[in-house]
There are 2 protein chains.
Amino acid sequence: MSSTPLTRSEAKDRTRRRLIRAALAILDDEGEAGLTTVKIARVAGIAQSSFYVHFKDKQDLLRAVSEHYGEQLRASMREARRRAREAPSDRERHRDTFRIPLEAIIRHPELLRIRMRALHDPSSPLKEFAARTAIAYRDHLAADLAALGYTADDEPSRRRLEMVAEGLNTLTNTFAVGHIEGRLTDVEETLDVLVAFSSGALRLLKGRDGHPRERRTD
Amino acid sequence: MSSTPLTRSEAKDRTRRRLIRAALAILDDEGEAGLTTVKIARVAGIAQSSFYVHFKDKQDLLRAVSEHYGEQLRASMREARRRAREAPSDRERHRDTFRIPLEAIIRHPELLRIRMRALHDPSSPLKEFAARTAIAYRDHLAADLAALGYTADDEPSRRRLEMVAEGLNTLTNTFAVGHIEGRLTDVEETLDVLVAFSSGALRLLKGRDGHPRERRTD
DNA sequence: TCTTTCACCGATAGTAGTATCGGTGAATCG
DNA sequence: CGATTCACCGATACTACTATCGGTGAAAGA
């Protein structure tokens, strides 16, 4: 057996990580309403009062949770962009733009669920974390679209590119939830649909001027 | 002045409606975490204990909220479908498929915000309400797409149509939030983008067999 | 080895929300 | 015009959670 001869600070660090992990698990299956110091401490295996040895209060723990998993997400995003650059063809690149985040989300479903909740809950302390993550994803997409030749030089097309990126982001999240919940199983098929959505939207960006449609007189 | 000479049951009914309204207002700007009988009663202008004259408990109130606004939503959906049938051309019809729900949401932003939260919060008593509403919207879309000629006869294309409808739904909600938050202002431009997204996705459905793509060998 | 430090413990004060209860006066009913 | 009903009230019991405090033993440091 591993007779864990830990130093004091190692042991403290381990407990701290356990608390963060416990918080994430509870957030995932009960939401923020169910997150109490009593439960966190029980799951982490310490007394409720000992929670305060590690964190000033619950808010402080949530800040730590954001930092911990925020760094994890940023790292996987960097890795994703690196791998995407190695794609053999534009076609595969386009696919990978969606494949990589989609697979990342499916690997760690808790984070998406928690982020989506926090994004809409006005009382959530994780709101800022969720918002920053969403922006990071959008930048990832924007960069990849730019690499595919969809640059936006004038103001209206810039705004449209932004809308398209935001939309594709939401679509990725929605379908990821589908996979997490088991309603969807074939990742390749989901990628087909995502690519189809995006190629429709991107066709809009290629328009010569900003308004390739009949203008309504309102 | 309106010297409100109400009968007893009329007065009770009015108080009940005030409670439901108060609950919605609090849900909107504080979320379910902020919804307490104390606040509801205060906003409605009665004593906290009197809350229980009208509802068995908080859960019971939320049931009533769901019913009240659920009926309102279903009614506006029926109206929307009726109006869409009158569109002069397929092109306008396609646009109206998005315009009508989008405008409805922008008119009553609280309901979308509350629904989106409830949809993701595992502890939310409004979850079922939100889920049923989402399904109703999806059916609305599916019916409109079918009317545009996008019918699904075989199993794979049926599944795809479902994915497309779900995706378009999410996109509508996302952009509606953009309008509510003031980031987006031009509804016609949003409709352009929605139509572009959908025409890309729908092209997938027109494919002769279910797999108009290279299959990966994984 | 003796002292100090400190992660963790149990107990508990404080706070916020839920739900019940008996009382009151005005509407309703006979 | 009594008698009754009942929407609403204030007071309060109860519950759940947060955060603090003093005590303890084992690790760290002298």
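A, B, ... follow the sequence lines: proteins, then strands. Residue 1 opens every chain.
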| task | Can you figure out which of C:dA27, C:dC8, C:dT18 approaches the side chain of B:Arg8 most closely? | result | C:dA27

| query | What integer distance in Å separates B:Arg42:CZ from D:dG10:P? | reply | 14 Å

| A:Ala47, nearest nucleotide to its side chain (from C:dG10, C:dT18, D:dC8) | C:dG10

| field | Closest to the B:Tyr52 side chain, choosing from C:dT18, C:dC9, D:dA19 | value | C:dT18

| query | Which nucleotide, D:dA28, D:dT18, C:dT18, lies nearest any side-chain atom of A:Thr7? | reply | D:dA28

| said: Judged by each residue's nearest nucleotide on DNA chain C, which is more toward the 5′ side, A:Gln48 or B:Gln48? | reply: A:Gln48

| query | Could you state the CZ-P distance from A:Arg14 to C:dC8, rounded to the nearest angstrom? | reply | 9 Å

| said: Please check if the number of heavy atoms outside A:Arg81 that lie under 6.0 Å from its CZ is greater than 12. | reply: yes

| note | A:Leu61 atom CG is separated from D:dT18 atom C1', nearest whole Å, by 14 Å

| Going by distance alone, is a donor N or O of one side chain under 3.5 Å from an acceptor N or O of the other, for B:Thr190 and B:His179? | yes

| task | Starting at atom CZ of A:Phe51, determine the distance to atom P of D:dT18, rounded to an integer number of angstrom. | result | 8 Å

| Among C:dC8, D:dC9, D:dA19, the nucleotide that comes nearest once only the side chain of A:Val53 is considered | C:dC8

| query | Near B:Glu128 CD, under 6.0 Å, is it more than 12 heavy atoms from other residues, nucleotides or ligands? | reply | no

| note | Taken to the nearest whole Å, CD1/B:Ile26 to C1'/C:dG17 is 13 Å

| note | CG of A:Asp29 to CD1 of A:Ile114, rounded to nearest 0.5 Å, is 9.0 Å

| request: Compare side-chain N and O positions of B:Lys58 against OP1 and OP2 of C:dT18 and report whether any pair is under 4.0 Å apart. | output: yes

| query | D:dA16 phosphate, OP1 or OP2: any side-chain N/O from A:Thr36 under 4.0 angstrom? | reply | no

| task | Remember a base hit wins even if backbone is also touched, and classify B:Ser49 as base, sugar-phosphate or nothing at under 4.0 Å, heavy atoms. | result | base

| query | For A:Thr37 and D:dT18, is the shortest distance between a side-chain N/O and OP1 or OP2 below 4.0 Å? | reply | yes

| More than 12 heavy atoms of other groups within 6.0 Å of A:Arg21 CZ | no

| task | Round to the nearest Å and state the distance from A:Ile46 atom CD1 to D:dT24 atom C1'. | result | 17 Å

| query | For B:Phe55 and C:dT20, what is the distance between atoms CZ and P respectively, to the nearest whole Å? | reply | 15 Å

| query | In whole angstrom, what separates B:Lys12's NZ from C:dA27's P? | reply | 17 Å

